[in-house]
Amino acid sequence: MDGTRLTRTGGGPGTLTYMAPEQFGDERVGTAADVWAWACCVVCAVHGTSPFSATSTGAVIRRIVDTGPEPAALEAVRALDPALAAAVGRALTADPAGRPADGAALVELLTGPQGPDPRLPDAGAVREQITQGWRTLTL
């Protein structure tokens, strides 16, 4: 080992306001947690804060596990792009089984049946490029 430490003793396995509900319990944590974190990043990019920001650690966890994302944060995404907001909403489903299972499924959701937009690059080519990137991340 080179002495690199990814977490400190007593530290959590991620940035609190981007952690999925299953990371706070005994459930198995899988790739759906990464999809959740992606949605939090999108909301933060649009709204300026995580959809689960709160004034204390307990309030953040309560929001993630019980009350759900800040409605104004989701509305900011909806105002930008309703289709993106729908994908973000699916990705922030509390039950991991209700989210896209992994990056490839997320790409399918984002580029799927809503139909091609002539202003955008070919969805199939974009899907293949992103999916290839996700495959290289598989350990």
Side-chain angles (χ1 to χ4, degrees):
M1 300 295 294
D2 66 2
T4 302
R5 295 184 56 94
L6 299 177
T7 60
R8 66 178 189 266
T9 302
T15 302
L16 183 64
T17 56
Y18 293 78
M19 290 173 63
E22 61 269 23
Q23 292 179 274
F24 296 101
D26 295 330
E27 299 175 54
R28 181 184 171 280
V29 177
T31 54
D34 296 330
V35 171
W36 173 282
W38 167 85
C40 291
C41 289
V42 170
V43 172
C44 185
V46 174
H47 184 63
T49 61
S50 165
F52 300 99
S53 291
T55 58
S56 70
T57 299
V60 170
I61 294 170
R62 188 172 22 265
R63 177 167 273 169
I64 291 169
V65 174
D66 294 327
T67 61
E70 172 63 41
L74 296 181
E75 186 52 42
V77 179
R78 193 172 296 108
L80 178 69
D81 184 329
L84 178 61
V88 165
R90 281 272 314 277
L92 290 177
T93 300
D95 181 357
R99 293 181 221 140
D102 56 23
L106 178 60
V107 169
E108 183 64 34
L109 177 63
L110 291 167
T111 62
Q114 68 267 17
D117 182 334
R119 300 171 293 163
L120 300 175
D122 174 59
V126 171
R127 180 182 305 118
E128 181 54 36
Q129 183 178 10
I130 294 171
T131 301
Q132 182 62 36
W134 279 95
R135 286 185 191 125
T136 62
L137 294 175
T138 303
L139 299 176

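The first residue in the sequence is number 1, and the count goes up from there. In this text, all values refer to a predicted model and were calculated from it rather than measured experimentally. Just the heavy atoms: all of them, side chains too, but no hydrogens, waters or symmetry mates, feed the values below.
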Novice: Decide yes or no for Pro100 and Glu108: does some side-chain heavy atom of the first lie under 4.5 Å from some side-chain heavy atom of the second?
Specialist: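 They are not in contact (no side-chain heavy atoms under 4.5 Å apart), so the answer is no.
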Novice: Considering non-hydrogen atoms only, spot the tightest contact between Glu22 and Arg28 and give its length.
Specialist: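 That would be CG-O, 4.1 Å.
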Novice: Taking all non-hydrogen atoms of both residues, which atom of Leu92 and which atom of Cys40 are closest, and how far apart?
Specialist: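 What the structure gives for the nearest pair is CD2-SG, 4.0 Å.
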Novice: So Val35 and Thr31, do their side chains get closer than 4.5 Å, heavy atoms only?
Specialist: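 In short, these two side chains do not touch, never coming nearer than 4.5 Å.
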Novice: Any donor and acceptor pair, going by atom type alone, linking the side chain of Thr15 with main-chain N or O of Tyr18 inside 3.5 Å?
Specialist: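 Between the backbone of Tyr18 and the side chain of Thr15 there is no qualifying donor-acceptor contact (under 3.5 Å).
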Novice: Which atoms form the tightest heavy-atom contact between Pro21 and Arg99, and what is the distance?
Specialist: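 In this case the closest contact between Pro21 and Arg99 is CD-NH2, 3.6 Å.
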Novice: Side chains of His47 and Val77: does their closest heavy-atom pair fall under 4.5 Å?
Specialist: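 His47 vs Val77: side chains apart.
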Novice: Please name the pair of heavy atoms, one in Ala73 and one in Pro51, separated by the smallest distance, quoted to 0.1 Å.
Specialist: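 The answer is CB-CA, 4.1 Å.
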Novice: Is there a side-chain contact between Ile61 and Asp66 in this structure, where contact means two heavy atoms from C-beta onward sitting under 4.5 Å apart?
Specialist: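 Not in contact.
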Novice: Let me confirm one number: the CG-CG distance from Asp102 to Asp34, rounded to the nearest 0.5 Å.
Specialist: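 Between Asp102 CG and Asp34 CG, I get 9.5 Å after rounding to 0.5 Å.
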Novice: Just by distance, do the side chain of Arg62 and the backbone of Thr67 share a donor-acceptor pair under 3.5 Å?
Specialist: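 Not a single qualifying donor-acceptor pair exists.
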Novice: Using only atom types and a distance under 3.5 Å, with no angle test, would you say the side chain of Arg63 pairs donor to acceptor with the backbone of Ser53?
Specialist: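 Present.
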Novice: Is Trp36 reaching over with its side chain to a backbone N or O of Met19, donor-acceptor style, under 3.5 angstrom?
Specialist: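 A pair under 3.5 Å: yes.
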Novice: Treating Thr17 as the side-chain partner and Ser50 as the backbone partner, does any N or O pair qualify as donor plus acceptor under 3.5 Å?
Specialist: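 No, because the side chain of Thr17 does not come within donor-acceptor range (under 3.5 Å) of the backbone of Ser50.
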Novice: I want to check something: taking the side chain as every heavy atom from C-beta on, are Val29 and Phe24 in contact at a cut-off of under 4.5 Å?
Specialist: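 No; the side chains remain at least 4.5 Å from each other.
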Novice: Go through the structure and list residues passing side-chain hydrogen bond (donor to acceptor under 3.5 Å, both in side chains) with Glu75, not counting sequence neighbours.
Specialist: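 Testing Glu75 for side-chain hydrogen bond (donor to acceptor under 3.5 Å, both in side chains), a comparison that skips the adjacent residues, returns Arg78.
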Novice: Specify the closest pair of heavy atoms between Ala101 and Ala105, including all atoms of both residues, with the distance to one decimal.
Specialist: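 So the two residues come closest at N-CB, 3.7 Å.
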Novice: May I ask you to test the Val88-Trp38 pair for a side-chain heavy-atom distance under 4.5 Å?
Specialist: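 Result yes, sub-4.5 Å side-chain heavy-atom pair found.
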Novice: With a 4.5 Å cut-off on side-chain heavy atoms, are Val60 and Thr55 touching?
Specialist: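 They are not in side-chain contact.
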